[in-house]
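See below for the structure under consideration.
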Protein chains: 2
Amino acid sequence: MVEQADTLRRTPLSRDRILRAAVALANEAGIESLSMRNLAQDLGVVPMALYKHVANKDELLDGMIDVVVGEIDPLVPGADWKHMVRRRILSARQVLRRHPWAPLAIESRNMATPAILAYLDSMVGAFRAGGFSADLAHHVMHAMGSRILGFSQELFDAARRAGRSGTTVPDSPAALPPGVAARFPHLAEIATAASHDDESVVGQGCDDQFEFEFALDLLLDGIERLHQQGWTSSRRPR
Amino acid sequence: MVEQADTLRRTPLSRDRILRAAVALANEAGIESLSMRNLAQDLGVVPMALYKHVANKDELLDGMIDVVVGEIDPLVPGADWKHMVRRRILSARQVLRRHPWAPLAIESRNMATPAILAYLDSMVGAFRAGGFSADLAHHVMHAMGSRILGFSQELFDAARRAGRSGTTVPDSPAALPPGVAARFPHLAEIATAASHDDESVVGQGCDDQFEFEFALDLLLDGIERLHQQGWTSSRRPR
DNA sequence: ACCTGAACACCGTTCAAGT
DNA sequence: ACCTGAACACCGTTCAAGT
């Protein structure tokens, strides 16, 4: 019956089960708590057992990234490249909100995982199908940078660094301590300047979603303009 | 004379000397080689001696970031906000090219170090002096994100992740291995599509500086347009 | 042949013993 | 009072000994 208890507790280990447990651990305890030893313990397994399924911790992280990227909605075909791209990027953003450790993990590792390559490839395909030259599509992908994966490096985003999910504290410049505000008057001024609908809502921090869409649309509108103008990088001085 | 040799080898330790040595170590050996123990050894000092001048490793990293940000040219006053901002961002980019570990270090820590706050404050000041409302300046700062500090999270940038300086290998999509190119045709297509001046230069990778300026100008042009139109975030549905 | 405990080579940091 | 060696509580990963 010890036998039976064992089989109950540990369903056979697999790469998939390891990756899902790792993602769950990172979501709940923060990425800094993700060690091979902690992960093994969560799985009721000896640390060395993990190495049967993942070569090392870096490969584990790559696998976790692919789990996350796999959660992004597929591109829904449509006539309008702009809405297709916009919609999918906002979907990616929702996914990353559930996995706050992922942006930093993606940035700190090479991005050439299968799921990321497939994602990027389909996004390029959307631009090409929308009539973009390969040349313009190339530069546009660079200009979008990681924003095409639904995240941006906000200047004041503590939640992301902590790698925890949970309450979205408005820790934008609005939270400037008094002494800091006095020394940096321009920051203090704009901290409470997101007027939005209700002018009286000052010092509330800012609306992450609004800021993201503002920046995204700034880029997409500019890209649309270049596309309509038939922009090309040729003839520029080298 | 042992006494003398000692004083020669170790000029008195100071926070400044520690930070400079740490930056040099990260530049030369990569950020992953920066440990308190390695740093102490470089300084000819016992590891615990560092803790007299920096509280812990996180504070050391903050100090290193401020050393780097301090190298960015000051804003040169001028009538045109766009050129002022553009110029300083490109200066910041040059600085960060000398410290390839810095972008990831900045992203992985909170950005509220004195030098970064001063930098951001002066950039906001430039927008305000250019006639921007505090409201627009707020959203513009968010939209610029870390690009205002001269870096962007490029999708294929191995050098940055390695944290080493050195030869800038063109490891853009151009370097797609054959098997990968076959599975991701759109990526393969745009990889060699940066026509630039000479149409025959295919598969050369891409010009980092061009891509950065392309994205920067896309943003600045869009921002200029909003500013000229008197854009405001009021009246949007909440 | 497979699995796994102990061990190795590191970390950042605490703390008590030495001067 | 100051400095610092040893120690603590961790890492990722190797390797050899056990089944």
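Keep in mind that the numbers below use all heavy atoms, side chains included, and drop hydrogens, waters and symmetry copies. Computed from a prediction, not measured in an experiment: that's the story for all the values here. Chain A is the first sequence line, chain B the second, and so forth, proteins listed ahead of strands; every chain is numbered from 1.
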* Is there a donor-acceptor pair under 3.5 Å between the side chain of H138(B) and the backbone N or O of I190(A)? -> yes

* To do: Determine whether the aromatic ring centres of F210(A) and H139(B) lie less than 6.0 Å apart.
  => yes

* Are K52(B) and dC2(D) close enough that a side-chain N or O sits under 4.0 Å from OP1 or OP2? -> no

* To do: Would you check if the side chain of K52(B) reaches a backbone N or O of S14(B) as a donor-acceptor pair within less than 3.5 Å?
  => no

* Among residues two or more places apart or on two chains, list those pairs meeting salt bridge (charged side-chain N to carboxylate O under 4.0 Å, His left out) that have a residue in residues 59-74 of chain A. => R15(A)-E59(A), D62(A)-R109(A), E71(A)-R98(A)

* With sequence neighbours left out, what residues match F184(B) under ring pair (Phe, Tyr, Trp, His ring centres under 6.0 Å)? -> none

* Structure fact -> Residue set satisfying salt bridge (Lys or Arg N to Asp or Glu O under 4.0 Å) with R128(A), at least two apart, ordered chain then number -> E189(B)

* With Watson-Crick and G-U wobble geometry limited to distances under 3.5 Å, how should the secondary structure of DNA chain D be encoded in dot-bracket form, using | for bases paired to another strand and [ ] for crossing pairs? -> ||.|||||...|||||.||

* To do: Would you verify whether the NZ or CZ of R93(B) falls within 45 degrees of the ring axis of F151(B) while also being under 6.0 Å from that six-membered ring's centre?
  => no

* To do: At under 4.0 Å between heavy atoms, which parts of nucleotides 5-15 of chain C does protein reach? Answer with one letter per nucleotide, 5' to 3': B base, S sugar-phosphate only, - none.
  => B-B---BBBB-

* Asked: Distance between the C1' atoms of dT14(C) and dG12(D), in whole angstroms?
  -> 23 Å

* Partners of D16(B) by salt bridge (Lys or Arg N to Asp or Glu O under 4.0 Å), sequence neighbours excluded? -> R20(B)

